[in-house]
*Asks:* 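Handing you this structure, nothing more for now.
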Amino acid sequence: MSSLVIVETRLSIREKVGPIWGVAFPLILLIILGNVPFMRETVESAGGLTVFEIYVPIIIMFNVAMLALIALPNTLAGYRENGVLRRLQTTPAGPARVLAAQLVANLAIAVVAVVLFLAVAWTVFGARLPDNVAGFTAAWLLVTAALLSIGLLITALAPGRGLATSIGTVLYFPMMFLAGLWVPISEMPPVLREISHASPLGAGARAFQDAYEGGFPGWQPVLILLAYAVVCSAASIRWFRWE
Amino acid sequence: MNRMSAVIEVRNLHKRYGDTVAVDDVSLSIEPGEIFGILGPNGAGKTTTVECVAGIRVPDRGEIEVLGHDPLRDRAEVTRALGVQLQTGQLPDQLRVAEALELYSSFYPDPADWRELMESLGLTPKAKARYSKLSGGQKQRLSIALALVGNPRIAILDELTTGLDPQARRDTWELIEGVRARGVTIVLVTHFMEEAERLCDRIALIDAGRVVTVDTPAGLTERAGIDQRLRFRPSRPFDDALLTVLSDVKRVEHRGGFVVVDGTANVVAAVTAVLARNDITAELLRVEQASLEDAYVSLLRKQ
């Protein structure tokens, strides 16, 4: 299993989608935002966090969403299309382990990214680290579980690699919008804010904010994220095809 | 056929895709250590049959045993003992040749030395090449290497040498003979007659989802009952009746100084004996032997 994880991680890095769009691009975005003077202002409604500090978890979600919604379905649907999974069916390893190895590989890249983003935000731009590390970790794990499950569902339902990537991309932008990438959630009109709270990344943003403010993620975002994770995992298991 | 000794036993296999019957009724018994060929036209059900044996297709009816195991239920036992080279199975584009071999060898409890395998298939110069950059022939050789890297007791090779140039084809045949010499049973799906004739101990001829016949390559040729043809220039003229009275001779013709005799398998011995008795020398004697290809066409046509 460990050699599979190593190989899949190498392959994910060689595919370049994860490292470039999932890690380098949000990192550059983080650095740009860190240099905008307006970003240093504190937001009263957000427990004294600066605008930049509100953006740090959004950047983290940018990374996870890119890996889970685009890189993962692209790779797995490609494996299915090219007979990679079928070939593995004839070996003692079996295709399920490759799927697991892909998940672990993307998870590993995401862990490296989150550590990197927090380190840069903290050391270079003097951003606060989350007050509650356990709560922050819980929020990250929930967001990652929900997004990977959605990514697996995309893989299960899309007939081919091209369509899997398209579906992932089409879902990606509204989800990032609802996470507050362009308009802060607090500035959204009430209806949009409700939609945001119900969306995976909007719920994620709330969970992260709770952790930044020293608490654990509230029951509402936790339940929403868990629901996405459970329902999408179950659906993808139900409809997954190896060929 | 002794059922106890068979390594692969297929009984009344039936598989359809929608309305299309891919395999109608196939029964096979494959013996340990033999090279068993599966020969037949496109769409005859060859690939579906071996895919069911490998456990990656679910038969609609029939029973399959691989070393006494059910290929669908006993995945661990069957995948360990069976090396498979599929027509369609591929690898990730970015995977390098050496990485693929090392990875696949890690799947098996007692793998072959993958570096040795890479060398014997002429892939060492390509060890660092990515799968997407390989030529068709190189991909094919890698696929063969991956089928053998687990030290299987049985290897299923589907269209073994398709896409290989003649030299690589002959090298691959030698490799397969070497593998068999180590006691590995080989199931070879092919449509190359030369390959089947050279490698196979027995051949199952499959057409329209059914087994037409199972025999040795020589047996198939004989079974097809194709005439042998003899051409020679007699040292002196003779009466045709000398030959036409022989039961093995069907027809005698004269073509510009040459005599052409068509007849059954024994025609050569019968004709040469009569000529010798009559002090006639057969100059420039040529025997045109029926090939497996002739037998194949003839047996399928008889269907």
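Hydrogens, waters and symmetry mates are skipped; everything else that's a heavy atom, side chains included, is used. Residue numbers start from 1 in every chain, and the chains themselves are labelled A, B, ... in the order their sequence lines are given, proteins ahead of strands.
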*Asks:* Check whether A/Arg97 gets within reach of chain B through its side chain, its backbone, both or neither, counting any heavy atom under 4.5 Å.
*Replies:*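 A/Arg97 has no heavy atom closer than 4.5 Å to chain B.
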*Asks:* Is the number of heavy atoms from other residues, nucleotides or ligands under 6.0 Å of B/Lys126 NZ greater than 12?
*Replies:*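 12 or below, so no.
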*Asks:* Between B/Arg130 and A/Glu15, does any side-chain N to carboxylate O distance fall below 4.0 Å?
*Replies:*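 No, B/Arg130 and A/Glu15 are not salt-bridged.
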*Asks:* So what's closer than 4.5 Å to chain A heavy atoms on B/Leu95: side chain, backbone, both or neither?
*Replies:*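 B/Leu95 touches chain A through backbone and side-chain heavy atoms alike.
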*Asks:* Provide the closest heavy-atom pair for A/Thr90 versus B/Tyr108 in the form atom of the first, atom of the second, distance.
*Replies:*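 Closest pair (atom of A/Thr90, atom of B/Tyr108, distance): O-OH, 4.3 Å.
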*Asks:* Return yes if some donor-acceptor pair links the side-chain N/O of A/Arg87 with the main-chain N/O of B/Val84 below 3.5 Å, else return no.
*Replies:*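 Side chain of A/Arg87 to backbone of B/Val84, a donor-acceptor pair under 3.5 Å: yes, one is there.
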*Asks:* First locate atom CD of B/Gln90, then atom CD of A/Glu81, and finally report the distance between them rounded to the nearest 0.5 Å.
*Replies:*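 Going from CD on B/Gln90 over to CD on A/Glu81, the span is 10.5 Å.
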*Asks:* Find out whether A/Leu88 and B/Tyr104 are in side-chain contact, i.e. whether some heavy atom of one side chain is under 4.5 Å from a heavy atom of the other.
*Replies:*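 They are in contact (side-chain heavy atoms under 4.5 Å apart), so the answer is yes.
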*Asks:* Do you know which of B/Arg80, B/Glu102, B/Glu51, B/Glu77 has the most heavy-atom pairs under 4.5 Å to chain A?
*Replies:*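 Option with the greatest count: B/Glu51.
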*Asks:* Hey, is CH2 on A/Trp242 packed in by over 12 heavy atoms from elsewhere, all under 6.0 Å?
*Replies:*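 Yes, CH2 of A/Trp242 has more than 12 neighbouring heavy atoms, counting only those of other groups under 6.0 Å.
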*Asks:* A side-chain contact here means heavy atoms from C-beta on lying under 4.5 Å apart; do B/Leu103 and A/Val7 qualify?
*Replies:*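 Side chain of B/Leu103 against side chain of A/Val7, heavy atoms only: contact under 4.5 Å found.
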*Asks:* Do side-chain atoms of B/Arg75 reach the backbone of A/Gln89 as a donor and acceptor pair under 3.5 angstrom?
*Replies:*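 Yes.
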